[in-house]
Amino acid sequence: MAAARESLLDAAGAALARRPWPAVRMVEVAAAAGVSRQTLYNEFGGKDGLARALVRRAADGYLAGVERALVGGGDWERLTAVAEWTAAAAQQDALVRALLTGCWSERLPAPSRGPAPVPAQRRPEAPLPSPPELVRIVRDRAVAALSGPGTAPAATVELARSCELVVRLALSCVTAPPGEGGIAGLIRTAASRTAL
């Protein structure tokens, strides 16, 4: 069933790229995925469940990219990679941009943050993170990746501030793209003024 779920999410994402979410029809998504409409309903419970899963997949994909950006290189290089990934992911995917900024247009599925009804055979998914929660998640993952064993509590607090600064700089670049020097230039400036 995992293959059918991914095919349905791919088909829903492709449909969303062509038209606003209110115009996306379940029967078309099922047909594009090569499954019955009943399979779609069995998997997601309805259009709201499909929307929630589509947004969840965007959030999970963004966070997986953050994890990849935090591998290898020096501390500031990894934080720069996180910032560049954040801006690129938001530019490429309207759902990621909405998750990061909280700006949801009528073209997108509405973000449902509360518990969602799910078919009996599916476990309920965790609530979607709000933009401030995403900042905290990325900050905390960066701190975990950059701090070594035995890092002093005061150093961890400073590291958390630096990581949050980079994430917030990246978010500012999502809403207002940087000028000359790009994100890396902004991060270099922050690095020159911050001890990490």
Side-chain angles (χ1 to χ4, degrees), residues 13 16 51-105 107-116 124-196:
L16 180 60
R52 179 189 275 289
L54 194 60
V55 175
R56 166 61 59 196
R57 183 167 82 161
D60 291 346
Y62 165 69
L63 291 172
V66 166
E67 293 291 339
R68 287 189 301 274
L70 288 168
V71 175
D75 291 349
W76 285 106
E77 289 83 8
R78 290 190 274 176
L79 288 175
T80 300
V82 168
E84 289 174 335
W85 163 250
T86 296
Q91 183 179 29
Q92 296 165 5
D93 188 331
L95 290 174
V96 171
R97 185 172 43 259
L99 281 162
L100 290 168
T101 64
C103 297
W104 293 85
S105 76
R107 282 194 53 80
L108 300 175
S112 173
R113 301 215 188 276
E125 294 179 348
L128 291 168
S130 66
E133 290 167 336
L134 267 176
V135 168
R136 282 191 298 276
I137 291 167
V138 174
R139 179 202 62 205
D140 292 348
R141 289 183 181 189
V143 168
L146 300 177
S147 62
T151 303
T156 302
V157 169
E158 274 307 306
L159 178 60
R161 285 187 185 136
S162 295
C163 292
E164 185 161 339
L165 171 66
V166 168
V167 174
R168 291 186 181 280
L169 274 173
L171 290 177
S172 73
C173 293
V174 167
T175 57
E180 213 172 298
I183 294 174
L186 290 173
I187 302 301
R188 276 193 301 278
T189 301
S192 70
R193 293 183 167 93
T194 306
L196 181 64

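Bear in mind the structure is a predicted one, so any value in this text is a computation, not a measurement.
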Next item on the list: Could you point out which residue of Thr175, Leu134, Val96 forms a side chain to side chain contact (heavy atoms under 4.5 Å, CB included) with Thr101?
Entry: Thr175
Check: Does the Arg139 side chain pair with the main chain of Val166, one donor and one acceptor, at a distance under 3.5 Å?
Finding: no
Item checked: Heavy-atom closest contact (Trp85 atom, Gly61 atom, distance) -> CZ2-O, 3.8 Å
Next item on the list: Report yes if the side chains of Leu159 and Cys163 come closer than 4.5 Å at any heavy-atom pair, otherwise no.
Entry: yes
Notebook entry, point to check: Heavy-atom distance under 4.5 Å between the side chains of Thr86 and Ile183, does that happen here?
Noted result: no
Notebook entry, point to check: Do you know which two heavy atoms are closest between Ile137 and Pro129, and how far apart they sit?
Noted result: CD1-CB, 4.1 Å
Margin query: Do the side chains of Glu164 and Arg161 get close enough for a salt bridge, i.e. N-O under 4.0 angstrom?
Written below: no
Next item on the list: State the CG-CG distance between Leu171 and Leu100, to the nearest 0.5 angstrom.
Entry: 5.5 Å
Margin query: Could you measure the distance from the OG1 atom of Thr80 to the CZ atom of Arg188? Nearest 0.5 Å is fine.
Written below: 7.5 Å
Notebook entry, point to check: Got a sec: does the CZ of Arg168 have more than 12 other heavy atoms crowding it under 6.0 Å?
Noted result: no
Margin query: List the residues meeting salt bridge (charged side-chain N to carboxylate O under 4.0 Å, His left out) with Arg97, not counting sequence neighbours, and say none if there are none.
Written below: none
Checklist line | Arg141 side chain near Leu63 side chain, heavy-atom distance below 4.5 Å | finding: yes
Notebook entry, point to check: Is it the case that more than 12 heavy atoms not belonging to Glu67 sit under 6.0 Å from its CD atom?
Noted result: yes
Note to self: So Val82 and Arg78, do their side chains get closer than 4.5 Å, heavy atoms only?
What the structure shows: no
Notebook entry, point to check: Do Tyr62 and Asp93 touch side chain to side chain, with heavy atoms closer than 4.5 Å?
Noted result: no
Next item on the list: To the nearest 0.5 Å, tell me how far Ile187 CD1 sits from Leu79 CG.
Entry: 7.0 Å
Check: Which residue, Leu95, Leu54, Leu99, forms the side chain to side chain contact (heavy atoms under 4.5 Å, CB included) with Leu108?
Finding: Leu95
Checklist line | CD on Glu158 to OG on Ser147, rounded to 0.5 Å | finding: 13.5 Å
Checklist line | Validation row: Trp104, Val55 side chains within 4.5 angstrom (heavy atoms) | finding: yes
